[in-house]
Amino acid sequence: MTGIVYKSTGSFYTVKTQTNESYECRIKGKFRIKGIKSTNPIAVGDVVDFELDTSTDITIGQIYHIHDRKNYIIRKSVNLSKQTHIIASNIDLVFLLVTINNPPTTTSFIDRFLVTAEAYGIETILIFNKIDTYDEAMQDEQLYLQYIYSQIGYKCLRISSTENKGIEALKEIMTDKTCMFSGHSGVGKSTLVNALEPALDLRTKHISEQSMQGQHTTTFAEMFDLSFGAKIIDTPGIKGFGLVDMNPQEVSDYFPEFFQLKNECKFNNCLHKEEPHCAVKKALEEDKIAWSRYNSYLKILEGDDENYRQDIYNNDRIASDETRKN
């Protein structure tokens with residue numbers, strides 16, 4: 001039998017067939033996929049072959065084959081630095097939810113996520129969520145960020161789940177596609193899914209007032225079929241985003257505004273740091289490239305991956321704001 005993985009708990013997988021029958025499955029033996037050292041060899045969105053074991057009172061499926069993935073979103077495992085974690089696979093669109101201060105989302109986090117999505121060929125749309133909660137200063141910052149990313153070419157949406165603003169436009173984009181929602185804990189992923197499909201009634205929590213950070217409500221990635229023809233993968237909140245196996249020479253290729261200028265640099269292998277006659281540095285000085293993006297690029301080049309395990313909400317936010325002022 002063949003089906004799509006709709007939920008992964010790490011030991012059990014819910015697999016749905018083309019006839020909409022769901023089975024609880026386990027992995028048959030040890031799984032190794034093309035040398036990927038992953039904490040989860042099978043991810044939500046994977047197409048798998050399985051057989052049913054009816055030798056006990058409870059019918060359990062045994063997954064014995066995984067089909068080639070069209071794409072996937074991957075990051076470093078927080079607890080195991082040499083391991084990776086595949087968040088989801090076979091995605092048509094990924095939506096990164098961004099909030100200004102409840103909780104704050106840094107440009108460093110946004111850029112790391114976008115670089116990974118670019119590297120694996122997944123279209124990303126930014127959702128600026130909770131716009132109903134913004135005061136004037138927060139709205140100014142949100143519009144500034146929207147300007148930065150829309151200029152690069154990323155589609156941006158402004159949404160309020162509680163006031164139903166932007167929901168219909170989002171539904172139209174999602175129709176007939178497999179989509180993923182991602183972002184920090186507390187940015188409103190589950191609340192947004194509920195706004196799209198109230199019958200799901202996913203569990204939500206309020207932001208911790210003391211830390212302004214979200215509390216995990218989605219424990220495992222899970223895919224849902226929506227009534228308007230879309231599939232949505234709701235994922236656990238991500239605190240930080242560690243990049244995986246990226247050569248310094250290729251990082252700038254995943255910054256679209258850098259890539260467009262690449263052929264104008266004097267040196268083919270220009271890293272856009274100290275090299276003379278660098279088109280990226282020239283564009284930066286002329287304010288044609290955002291300083292926050294360049295700052296994120298430098299951090300990635302420097303291998304500054306320690307921060308992705310730490311509380312990035314304060315120090316990195318301050319650094320991002322200071323960069324913007326300069």
*For Gln151 and Ile148, indicate whether the former's side chain and the latter's backbone hold a donor-acceptor pair under 3.5 Å.*
no

*Taking the six-membered ring of Phe181 (Phe, Tyr or Trp), confirm whether the NZ or CZ of Lys189 is under 6.0 Å from its centre and within 45° of its axis.*
no

*asked:* I'd like to know if Tyr23 and Val48 are part of one continuous hydrophobic network [Ile/Leu/Val/Met/Phe/Trp/Tyr, side-chain heavy atoms within less than 4.5 Å].
replied: yes

*Taking side chain as C-beta onward, heavy atoms only, is Lys130 less than 4.5 Å from Asn102?*
yes

*Does one hydrophobic cluster hold both Phe109 and Met138, with members joined at side-chain heavy-atom distances below 4.5 Å?*
yes

*Parallel, tilted or perpendicular: which fits the ring planes of Phe258 and Tyr297, with parallel below 30° and perpendicular above 60°?*
perpendicular

*Between Asn90 (side chain) and Lys70 (backbone), is there a donor-acceptor pair under 3.5 Å?*
yes

*asked:* Does any part of the side chain of Thr17, heavy atoms only, come nearer than 4.5 Å to the side chain of Phe50, both counted from C-beta?
replied: yes

*asked:* How close do Lys266 and Pro276 get, counting heavy atoms only, and between which atoms?
replied: CB-O, 4.1 Å

_Using side chain to side chain donor-acceptor pair (under 3.5 Å), reason through Thr59 and Asp53 one step at a time and then give a plain yes or no._
CA-CA 6 Å; Thr59 300; Asp53 180 2; over 6 Å; no

*Side-chain touch Ile87/Met180, heavy atoms, less than 4.5 angstrom*: yes

_Stepwise salt bridge (charged side-chain N to carboxylate O under 4.0 Å, His left out) test for Lys281 and Glu285_ = CA-CA 6 Å; Lys281 290 294 292 289; Glu285 291 164 2; 5.4 Å; no

*Closest non-hydrogen atom pair, Thr14 against Ser22*: CG2-CB, 4.3 Å

*CG/Asn268: more than 12 non-hydrogen atoms of other groups inside 6.0 Å*: no

_I'd like to check Ile91 versus Tyr120 (side-chain heavy atoms, cut-off strictly below 4.5 Å). Are they in contact?_
no

*Other residues, nucleotides, ligands: >12 heavy atoms within 6.0 Å of Lys177 NZ*: yes

*Establish, from distance only, whether the side-chain atoms of Asp225 and Tyr6 form a donor-acceptor pair under 3.5 Å.*
yes

*Do Lys165 and Asp132 meet the salt-bridge criterion of a basic N to acidic O distance under 4.0 Å?*
no

*Regarding Asp111 and Tyr149, is there a side-chain donor-to-acceptor distance under 3.5 Å anywhere?*
yes

*For residues Glu118 and Phe255, determine if any side-chain heavy atom of one lies less than 4.5 Å from a side-chain heavy atom of the other.*
no

*Is there a path of hydrophobic side-chain contacts, each under 4.5 Å between heavy atoms of I, L, V, M, F, W or Y residues, that connects Leu52 with Phe12?*
no

_Minimal non-hydrogen separation, Pro41 against Arg69, with atom names_ = O-NH2, 3.1 Å

*Ignoring hydrogens and angles, tell me if any N or O in the side chain of Glu21 forms a donor-acceptor pair with the backbone of Thr19 under 3.5 Å.*
no

*If you measure only the distance, is there a donor-acceptor pair under 3.5 Å linking the side chains of Gln142 and Arg158?*
yes

*May I ask you to check whether over 12 heavy atoms, not counting those of Phe259, lie within 6.0 Å of atom CZ?*
no

*asked:* Does any part of the side chain of Thr124, heavy atoms only, come nearer than 4.5 Å to the side chain of Phe95, both counted from C-beta?
replied: no

*Would a distance-only check, ignoring hydrogens and angles, find a side-chain to backbone donor-acceptor pair under 3.5 Å from Thr105 to Thr99?*
yes

*Is it true that a side-chain atom of Ser89 and a backbone atom of Asp46 form a donor plus acceptor pair closer than 3.5 Å?*
yes

_Do Leu143 and Val187 sit in one hydrophobic cluster, given that two such residues count as connected whenever their side-chain heavy atoms are within less than 4.5 Å of each other, even indirectly?_
no

*Taking Asn101 for its side chain and Pro103 for its backbone only, find out whether a donor-acceptor pair lies under 3.5 Å.*
no

*Which heavy-atom pair separates Glu275 from Cys278 by the least distance, and what is that distance?*
O-CB, 3.8 Å

*Hey, are Ser227 and Glu197 close enough side-chain-wise for a donor-acceptor pair under 3.5 Å?*
yes

*How far does CD1 of Ile100 sit from CG of Asp135, to the nearest 0.5 angstrom?*
10.5 Å

*Considering only heavy atoms from C-beta outward, does the side chain of Leu192 approach that of Leu97 to under 4.5 Å?*
yes

*Quick one: do Leu126 and Tyr147 end up in the same hydrophobic cluster if we chain Ile, Leu, Val, Met, Phe, Trp and Tyr together by side-chain heavy atoms under 4.5 Å apart?*
no

*asked:* Whether Asp92 and Lys231 form a salt bridge (side-chain N of Lys/Arg under 4.0 Å from carboxylate O of Asp/Glu) is what I want to check.
replied: no

_Taking Glu168 first and then Lys171, would you say they form a salt bridge - that is, a charged N and a carboxylate O separated by under 4.0 Å?_
yes

